[in-house]
Every structure is written in C-alpha cells, then in structure tokens.
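One structure is given below, represented as structure tokens, and several questions about it will come after.
Residue numbering restarts at 1 for every chain, and letters A, B, ... go by the order of the sequence lines.
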Amino acid sequence: MSMVRTKISATFSQLCKRCYSTANSSYPFSSSVTVPSPSPPSPSQIPPKTASLLSTLNTHLSSLDPSSSSLIPLFSRRSPTRVLPGSVLTVTSYSTPPSASNPSPSLTTFSGVLIGVRRRNEGRDLSIRLRNLVGRTGVEVAFKVFSPLVKEIKVVQRAETSGPLLATAGAKEGERRKPVIKASKRAKMYFVRDQPNRLTGVAGIIKQQREREMQAENRKGARR
Amino acid sequence: MSSALKGLSNTFKTLSISTSISIRRSIATTSAVAPSSPPSQETPAAAPAPTWTPETQRTGVLARKQGMTCLWDEDGARIPVTVLHLDQVQVLSSQSYPSTSTTPARHSVTLGCSPRRAKTTRGALLGQFVKAGIDPKMKVVEFPVTEDAVLRPGTTLSAIHFVPGQYVDVQAPSIGKGFQGVMKRHGFAGLRASHGVSISHRSHGSTGQHQDPGRVFPGKKMAGRMGGKLVTTQNLLVHRIDTLHNVLYVRGAVPGPPGGFVRVVDAKKKVGWKARSRASKGLDREKGEVLDGVKTLPMPAGTVEMAEGLPREIMSNKAK
C-alpha cells in the first residue's frame with residue numbers, strides 16, 4: 001500500500017517558469033525583480049475570514065508552491081488523509097540547488113519512520129523528522145517540506161490506528177483485522193530512541209516496496 | 001467649540017469608510033476650508049512627477065509589525081522575513097518652514113496610520129484629521145523630506161512606495177524587559193556557580209578601583225530597566241511587496257512586538273550615501289540604475305493610485 005506524492009514533476013527551471021514571470025515592462029522601478037503568478041488556492045487552503053493578516057498571507061504564500069496541493073493534505077493537522085506518526089516515508093532531495101547550468105544535480109534518498117511533524121506559519125516552516133537504522137546506528141534526518149531542495153516525498157506505508165476488516169473464511173469468532181503498522185498514540189515518537197529493536201522491521205518494508213516498484217517497472221518494460 | 005467637535009465625533013462614529021468621502025467634503029465647506037480633493041484631481045497646469053535624485057529625501061512610512069515568516073529562494077536558502085503592514089497610511093499635512101539667516105528651508109510630511117474611533121480621539125487631534133479630510137488614526141508621525149517629496153493631505157500611501165531590492169531603516173521602541181540584572185542587560189559573565197561564591201552568582205562584582213579615583217565613574221554599567229527604548233535597525237532589504245494587502249516583506253528582524261508601530265524609511269547609508277557615491281563615480285549612468293538593481297524610486301511617493309497599474313506582488317531577485 002503505497003502512494004506517490006511527487007513534489008516536482010518537471011525540472012526546476014520549468015517549475016520557475018510556470019509560477020514566476022519577469023514583468024520587467026510593467027514594473028518601471030527595477031528590472032531585477034520577479035512577479036509570482038498566483039494559482040488560486042484549493043478550498044482547504046483558504047483561511048476563514050476571521051483569520052489574522054499573517055495567517056492569510058502565510059496560507060497564500062504556501063499555496064504558491066505547486067506541490068502544496070499534494071503535500072498539505074499529507075501533513076496538515078486536521079486533514080483526513082494526513083500521514084500519522086509511525087508511517088514509513090521516503091524523501092528524495094537535491095544536494096545542491098538545481099540551476100540553469102545544472103538542471104538535475106545529484107539526488108539523495110532517505111527512508112525512515114516519521115517520528116514527528118513540526119507545523120508552523122501555515123505550512124511555511126513545515127518540517128518532518130524521519131528515523132531509520134543505517135547499519136546499526138540510528139539516524140534521524142529532518143526535512144523542510146517546502147524547501148526547494150526537497151524534490152519528492154513518497155509514502156511507503158501508512159500507519160493506521162486499526163487495519164481493515166478481513167472476511168473470515170473459517171469458523172473463527174470475532175473480527176480479524178489485517179496487520180498494519182500501528183500508528184503511535186503520540187504526536188512525537190521520541191521514545192523510539194530508547195528502543196533499539198523497534199525500527200529493525202523498517203528496512204524490510206522499504207525493501208519490499210522497492211521490489212514491488214521494480215516488478216512494476218519490469219512489467220511496464222515487458223508490455224512495451 | 002467642544003460641542004461642535006462632539007457633533008463631529010458622533011458623525012464619525014456612524015461613518016463607514018465608503019460614505020466618509022461625501023461627508024468629508026461637506027464638513028470641509030462648512031468650516032470654510034478649501035475642500036481636500038483626491039490626489040488624482042490635479043490643478044489644470046500640473047507639473048510632471050519629480051524624479052528621485054541622490055539628494056532627495058522621500059517620506060517614510062508608518063507600518064504595523066505583523067510578525068515573522070519565511071520565504072524560500074531558488075537556491076534553496078530560507079529567508080526569514082518580517083511582515084510590515086501599511087494599515088491605511090494617509091498624509092495628515094505637509095509643513096514647509098522657510099529658510100532663515102542661520103537655518104536652511106525645511107519640509108516635512110505628517111502621516112497617520114491605523115484607523116481609530118473618533119470617540120476616543122482627542123478633540124484637537126480630531127480637528128487635524130477633519131482639516132485633512134481623512135479618518136482619525138491611532139498614530140501620527142512626522143518625516144523630514146526635501147521639497148520635491150512634499151505630499152498633498154489625504155494621499156494614501158501603499159506598499160508600492162518601496163522597491164524590492166532597496167534597503168530600509170526600521171525604527172521602533174524595543175520590547176520592554178523591565179528591571180534586569182547585569183548579566184542579561186550588559187552581557188556580564190557573573191561569578192562561579194560554586195567554589196565558595198556566596199549569594200553573588202549573577203552580580204556585577206567590582207565597580208571600580210580604590211582610593212584613586214575613589215568613586216564610581218558615571219555611566220558604569222549596572223542593573224536597571226532594559227528595553228522599551230527607540231531602536232533603529234539599519235539596512236534591511238525589502239524582499240517582497242504585496243499591494244493588495246499593503247504589506248512589505250523585509251529581510252531580518254525588526255524591533256518591537258507584533259502589532260507595534262514601526263517607522264520605515266529609505267536607508268540612510270545603503271540608499272542615500274550609496275546613491276550619492278554611485279552618482280559621483282558615474283555608475284548610475286552606466287546601467288540607468290540609481291542603486292544596485294534599482295532603477296529609480298517612486299516619487300513623490302508610492303500611492304494607491306500608482307499601485308493600481310502595477311503588478312500585485314513583486315519580489316527581489318537578490319541572493320541571500
């Protein structure tokens with residue numbers, strides 16, 4: 001069970017062209033400026049009329065990012081499709097920012113358990129913390145979700161409070177639920193730092209996901 | 001006179017901004033003052049708008065600090081910005097003082113910011129607003145300007161007054177910290193936590209020498225009230241402007257709490273001195289830019305009428 005939320009489908013320069021334009025002719029006071037062309041925010045992003053000016057501006061600024069429509073439902077506080085702590089995510093990020101001369105610099109991938117989401121300023125400073133075992137060492141990485149250096153955030157497997165009901169074939173009594181990653185009852189899972197054996201299964205989940213993706217790609221290649 | 005002003009304040013109580021214009025004109029005619037026409041209605045022989053020179057001093061602006069947020073630039077750098085809101089900033093009056101034998105001619109522009117109920121406005125101040133034909137404001141300040149930057153009363157200033165890429169000086173009273181000890185107030189190191197120190201872990205220690213000079217020098221750093229003083233933060237870059245909400249995004253931090261009034265003025269050093277230095281070296285003629293990345297500044301001021309023909313949001317390309 002995996003969902004791909006691609007942050008940027010095009011190259012970075014195309015992204016910039018999509019959302020910014022240099023309106024030199026219409027602004028006579030400077031030529032070293034850009035004019036962001038705003039896309040209308042999705043209904044979930046429009047703040048209530050009683051919201052403060054800063055809240056309205058932050059929501060507007062977050063909506064200018066083209067990936068915000070897919071990322072905000074993943075991480076916003078009350079979104080019904082939000083990712084719960086305990087889920088396994090993969091983040092792909094650039095090491096150096098993409099530029100006109102170097103449109104696709106080297107990428108770094110890090111996968112791990114989501115142990116915390118930090119929400120500030122209506123998404124402007126949204127950051128997530130992933131933890132994984134690299135070798136035998138626990139490694140935590142925090143990513144600023146709306147930073148231009150973060151390319152893509154994929155949900156490998158969501159944590160759920162309880163799995164879906166399974167139809168029982170035999171004469172067993174009671175309900176049987178499909179085993180899933182159990183969502184933590186905490187917003188921040190810092191207690192896993194003292195539990196060395198807890199994250200050993202994460203590597204297996206990520207490996208299974210990669211194998212599934214490889215098989216899907218092979219099937220696509222075979223069809224062609 | 002007070003009863004007449006009470007009547008005026010009652011008029012203001014029931015006014016909304018849209019209806020105030022018609023009533024403004026009627027009040028002005030009854031008090032036998034020339035009606036303050038909107039800035040767009042120029043006299044028949046209107047002079048063209050003056051151009052900015054390095055010797056020009058434009059009016060500043062009074063803004064309200066909304067808080068801080070962050071913007072991301074293309075290189076992936078996070079830029080912390082302070083949001084300054086130009087909350088209905090209107091010109092109250094312009095004063096000109098002729099030159100005397102000892103002083104040169106002086107000009108100034110008086111502005112008001114943030115609407116206020118007429119009932120809570122003092123009578124004398126209320127009369128000033130009536131004379132200018134504007135709604136009462138919470139805060140009124142004066143800015144020294146040169147003759148070409150003098151403004152008509154009633155002019156509404158907009159965020160377009162500042163150009164993204166220029167620098168500004170921001171002035172406001174700092175957050176009051178109350179009575180504070182020397183460690184917080186002056187950064188003293190204090191004394192050890194243990195090894196025999198008795199009761200004086202955060203004290204200043206010695207305050208002087210011995211019999212010579214035999215006194216404590218005036219200005220000795222000691223504990224006392226900290227904060228609440230006027231602080232000027234110089235050379236903050238205007239990163240972005242939004243003319244719909246009338247908001248400036250300024251790089252860095254600004255003194256005072258959110259909600260506080262701040263004076264925003266073209267930077268003395270990075271605009272005034274820099275432009276003069278560039279002009280004397282001839283750099284302004286090369287690219288047609290008075291400053292690095294700035295062609296010219298709106299003159300005599302950036303008004304809401306000027307903002308109508310320009311893009312709503314503009315941001316600077318300057319790297320962090």
Legend entry - Lys295(B) and Ser31(A), any side-chain heavy atoms less than 4.5 Å apart: yes
Legend entry - More than 12 heavy atoms of other groups within 6.0 Å of Gln234(B) CD: yes
Inset, instruction - Measure the spacing between CD of Gln66(B) and OG of Ser52(A) and express it to the nearest 0.5 Å. - result: 7.5 Å
Inset, instruction - Assess whether side-chain contact (heavy atoms from CB on, under 4.5 Å) is satisfied between Cys70(B) and Arg124(A), documenting all intermediate values. - result: CA-CA 6 Å; Cys70(B) 74; Arg124(A) 301 268 71 227; 4.0 Å; yes
Inset, instruction - Against chain A, label Asp242(B) side chain, backbone, both or neither, depending on which of its atoms sit under 4.5 Å from a heavy atom there. - result: side chain
Legend entry - Student check: side-chain heavy atoms of Val35(A) and Met315(B) closer than 4.5 Å: no
Inset, instruction - For Asn317(B) and Ser32(A), test the side chains for any donor-to-acceptor distance below 3.5 angstrom and give the result as yes or no. - result: no
Inset, instruction - Give a yes or no on this: more than 12 heavy atoms of other residues, nucleotides or ligands lie within 6.0 Å of atom NZ of Lys139(B). - result: no
Inset, instruction - Name the region of Glu289(B), side chain, backbone, both or neither, that has any atom closer than 4.5 Å to a heavy atom of chain A. - result: side chain
Inset, instruction - Measure the shortest side-chain to side-chain distance between Ile160(B) and Tyr27(A) over non-hydrogen atoms and say whether it is less than 4.5 angstrom. - result: yes
Legend entry - Test side-chain contact (heavy atoms from CB on, under 4.5 Å) applied to Lys144(A) and Trp72(B), step by step: CA-CA 11 Å; Lys144(A) 289 270 187 199; Trp72(B) 298 94; 3.6 Å; yes
Inset, instruction - Name the member of Gly67(B), Pro298(B), Gly76(B) that forms the most heavy-atom pairs with chain A at distances under 4.5 Å. - result: Pro298(B)
Inset, instruction - Select all residues of residues 245-271 of chain B having any heavy atom within less than 4.5 Å of some heavy atom of chain A, and report them by number, or 'none'. - result: His245(B), Val247(B), Tyr249(B)
Inset, instruction - Measure the shortest side-chain to side-chain distance between Leu61(A) and Arg240(B) over non-hydrogen atoms and say whether it is less than 4.5 angstrom. - result: yes
Legend entry - Leu310(B) side chain reached by Phe29(A) side chain, heavy atoms, under 4.5 Å: yes
Inset, instruction - Count the heavy atoms of every other residue, nucleotide or ligand shown that sit under 6.0 Å from CZ of Arg193(A), and state whether that count exceeds 12. - result: yes
Inset, instruction - Please determine, among Val163(B), Leu71(B), Val83(B), the option with the most heavy-atom pairs under 4.5 Å with chain A. - result: Val163(B)
Inset, instruction - Flag yes if more than 12 heavy atoms outside Lys274(B) fall under 6.0 Å of its NZ atom; otherwise flag no. - result: no
Inset, instruction - Please assess Leu54(A) against Met68(B) for the test side-chain contact (heavy atoms from CB on, under 4.5 Å), listing each intermediate value before the final yes or no. - result: CA-CA 8 Å; Leu54(A) 193 62; Met68(B) 288 191 78; over 6 Å; no
Inset, instruction - Over all heavy atoms of both residues, which pair between Asp75(B) and Pro97(A) is shortest? Give the atoms and the distance, please. - result: O-CG, 3.1 Å
Legend entry - Met306(B) versus chain A, the contacting section by heavy-atom distance below 4.5 Å: side chain
Inset, instruction - Would you check if Glu313(B) and Pro36(A) make a side-chain contact, meaning some heavy-atom pair closer than 4.5 Å? - result: yes
